[in-house]
Amino acid sequence: MSIVVFTEKNKAAAQIAGILSEGGFNRASIDGIPVYDFKKNGKEWRIMGLSGHIMGYDFPPEYSNWRECDPAVLLDTDPVKNVLKKPYATAISRLAGQADELILACDFDREGENIGFEAKSIAEKSSRAPVKRARFSSLSASEIKKAFGNLVEPNENLAMSAEARQILDLKMGAAFTRFMTLSVREHARTKGIISIGPCQTPTCGFVYERERLIRDFKAKDFWKIEGIFSHSAKDFKGTHRAGNITEKAKADEIFKRIKDCKKGTVAKKREKESAVNPPYPLNTTEFLKRASKYLGISPETALEVAEQLYLAGFTSYPRTETNKYADDFDFKTILVGFSSGEFREQVMDILSRSQIKSRNGTKDGHDHPPIYPIRAAGRQEIEKSVRMPDAWKVYDLIVRHFIANLMPPAIFDKTRLEVHVRGEIFDATGSILKDAGWLAVYPFENKNDKLLPNLELNDEVDVKKLSNTRSKTSPPKRLTEAELLTLMDKNGIGTKATAPSHIETNKKRGYFETKGKTIAILDTGFTLMESLDSSVPILVKPDIRARIEALIQDVEDGKKSFDSTLEEGSHLIREMYSQLRSGKEQIVTKLAGTITDESIAADKKNFVGECPECGRMLRIVRTDKGRFVGCSGYPSCKNTYPLPKKGALNVLRSKQCEKEGVAVIKVGNKYHWSVGMGPCFTCDSEKKCFPPEVIGTCPKCDGSMFIITTKDTRFLACTERCGYTQSLPKEGRLTVKGKCKHCDWKQIRVKPKEKDANEFCINLRCSSRKSNSG
DNA sequence: GCAAGGTC
């Protein structure tokens, strides 16, 4: 009797082989793919790990040329399923041919069931052996043994629900993406792709919605009355109970009443101890959020680093929903590893307790434990094994989080004072960290002490200053990547493993970019979302994903057939497609504009700046008749500016004309020209805008030596025109650097073509020249 | 060349 088992990945195959064989298995390989075999109770077992999906959908080849088929045709075309990883298919066939029983043992979820069915469909071509399913929700010995002792039938509905998702996602993504891309190319020359998908588009939608709030925001004035109080030489601040006062008259009236007061009284005092609990164990989403927030690492990179740390055996499996530990989780073994290093004190404290208790969350994916360090390792060891820049930082975060989770809460002493000034109430709060608890190992959240002087009820305090200041309400802030991940998670956009890739897709397409930790939408993204929002609003919102999800849930539950669901889903997509098509012109002309403008902005040589008339892009236009600065909004915007007829043009990025000019251009090596103003040498501000580049003091008089560059030579001359000059190196690009260490001249840097740059002092009297005359 | 989902 021969039994063949397929698992979702190699690691699981090895693990399961270890458990079922109780350690005595043999590792073989079929065309490089590991297979674990062993004998037990007279039965021969062979366990092979797949590699996630090994098959995938695509349209038949005759539909693959974008220009040769109307994208709408894709909506009525059934994609076909192909093997994407041939070696796995070969191995499956070979194993199945000799099997008396096949067992699918992939992860117990929709995709896992589907991956199992991929193996089943390949196996059934060379085998008539019965196919069973082992269902387990963790890779623990007890679960695995139970699952293999109680085999069930494979769940076709569950597998088909994932199948429906794949087909609908592909149909929609391919048709919409081709349609948008081809339409935009009718108006703009670009190789770029305008993609739309049920996850990437709502992801961009979140960023768009926030941007709208920011752009539509209207600041309002408010007033705030604050006091600086003092007692026994210590100052503290209090805020009037009214908080942000929106009516000026009201603020003025209160302020007028108390502004001359010199004393106040403590009318109430409340002291409270408050505890801040440690964070829950890390699941993927939480890990990615914290890596972005604390370490500034993008979700995509963070997941990749965690994957490598996992493969190198430092941390546990990084793709998990679970944020609670199982009851029998062995903290002790891991903690012992950390008991001699930086965390010695805290770890010894945890180990000394009769029972180690984690602060658990409530999510359980029933597959993997939270992300935790498998073993303690030093910085050098990590960096040697995982050659990625942030490996240590990520590992360190996982370790600190793991230990913090097992530690006691942080205790703050909080004090609230109510200070009365002629009947007006001011609130002051103070907070002192009394016991750091878990914060001792978690430096990412800094909670600063805010001290109040030692005051008792009815004590008198001095009023040092009272102010009534006007402020403006501030617009909402841009989303951070951490917040975006939260929104995606809440709205079911993507999965723990794919969310970072949807963010990445949007960046790749030029829809948004990250600036530090926040996300800034780009013109193309904004315009695309804006026009989709008016023509196919469902696309911009999480609803689209929710609709597809609801459809396939019915397949899973057996409430609807696979075929009728596909038809229903295709109908939904067709409807959106026709909405998109009827809004085409309106969407595409605007979108083409932003794409043209972005490519103009990227053309550093000719890009001049933003058109003050219409906000689109100004660039240098050359025709056979001559050259000028023109607007990308032409013909609707006819804004143009003349340019000098001769000389190479260089737009100075760091210079802005102080008068009304839109940009400053260097003309040859001769002079400057302000776009919209004309040549700078006719301008009375020339000396101010282009002060002579002073190198040092003149050795002959009180003047300064500065660089004069003419068409054929360059040299130093004196600002006082005393007649002293000095030659400069003739070749190479010359820049002025910082001060010389030995004299009061500035050093120069010369970079001749195809030679190394040289930095030195050219003061003939400088002491550095004696030792280093080259 | 297009989506999203696995895994490496």
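A, B, ... follow the sequence lines: proteins, then strands. Residue 1 opens every chain.
Rounded to whole Å, atom C1' of B:dT7 lies 10 Å from atom CG of A:D107. For the pair A:H53 NE2 and B:dA4 P, the computed distance is 14 Å after rounding to whole Å. The distance between atom CG of A:D109 and atom P of B:dG5, rounded to the nearest whole Å, is 12 Å. When rounded to the nearest whole Å, the span between CD1 of A:I167 and P of B:dA3 equals 17 Å. Here the P atom of nucleotide B:dA3 and the CD atom of A:E111 are 17 Å apart, to the nearest Å. B:dT7 atom P lies 13 Å from atom NZ of A:K11, rounded to whole Å. Following rounding to the nearest Å, A:E68 (CD) and B:dC2 (P) show an atom-to-atom distance of 18 Å. Rounding to whole angstrom units, CD1 of residue A:I573 and C1' of B:dA3 are separated by 10 Å.
Within a heavy-atom distance below 4.0 Å of DNA chain B, the residues of residues 58-67 of chain A found are A:D58, A:W66. Within residues 177-211 of chain A, the residues that place at least one heavy atom under 4.0 Å from DNA chain B are, in residue-number order, A:T177, A:R178, A:R185, A:I193, A:S195, A:I196, A:G197, A:P198, A:C199, A:Q200.
Among the protein residues, A:G494 comes within range of the sugar-phosphate backbone only, with heavy atoms under 4.0 Å from sugar or phosphate atoms but none that close to a base. Within 4.0 Å (heavy atoms only), A:K85 reaches at least one base atom of the nucleic acid.
Atom CH2 of A:W392 and atom CZ of A:F314 lie 10.0 Å apart (nearest 0.5 Å). Here the straight-line distance linking atom CZ of A:F176 with atom OG of A:S195 works out to 12.5 Å at 0.5 Å rounding. Atom CE in A:M488 sits 7.0 Å away from atom SG in A:C199 (nearest 0.5 Å). Here the straight-line distance linking atom OG of A:S127 with atom CD1 of A:I92 works out to 12.0 Å at 0.5 Å rounding.
In terms of position on DNA chain B, the residue among A:Y317 and A:Q166 whose nearest nucleotide sits closer to the 5' end is A:Q166. Closest-nucleotide positions on DNA chain B for A:A497 and A:R509 were compared, and the one nearer the 5' end corresponds to A:R509.
The number of heavy atoms from other shown groups lying within 6.0 Å of CD (A:E156) does not exceed 12.
Remark: A:E556 does not engage A:R165 in a salt bridge, criterion side-chain N to carboxylate O under 4.0 Å. Salt-bridge formation is not detected for the pair A:K507/A:E513: no Lys NZ or Arg NE/NH1/NH2 atom is positioned less than 4.0 Å from an Asp or Glu carboxylate oxygen.
One finds no side-chain N or O of A:Y57 lying less than 4.0 angstrom from the OP1 or OP2 phosphate oxygen of B:dG5. Taking 4.0 angstrom as the limit, A:H502 places a side-chain polar atom (N or O) nearer than this to OP1 or OP2 of B:dG5.
Which of B:dA3, B:dG6, B:dC8 sits closest to the side chain of A:D169 comes down to B:dA3. Each of B:dC8, B:dG6, B:dA4 was ranked by its minimum atom distance to the side chain of A:S51; first place goes to B:dC8. Side chain of A:R165, nearest nucleotide from B:dA3, B:dG5, B:dG6: B:dG5.
Relative to the ring axis of A:Y310, A:K11 places its NZ or CZ within 45° and under 6.0 Å from the centre. By the 6.0 Å and 45° rule, A:K120 does not stack over the aromatic ring of A:F6.
The ring of A:F526 has its center closer than 6.0 angstrom to the ring center of A:Y208.
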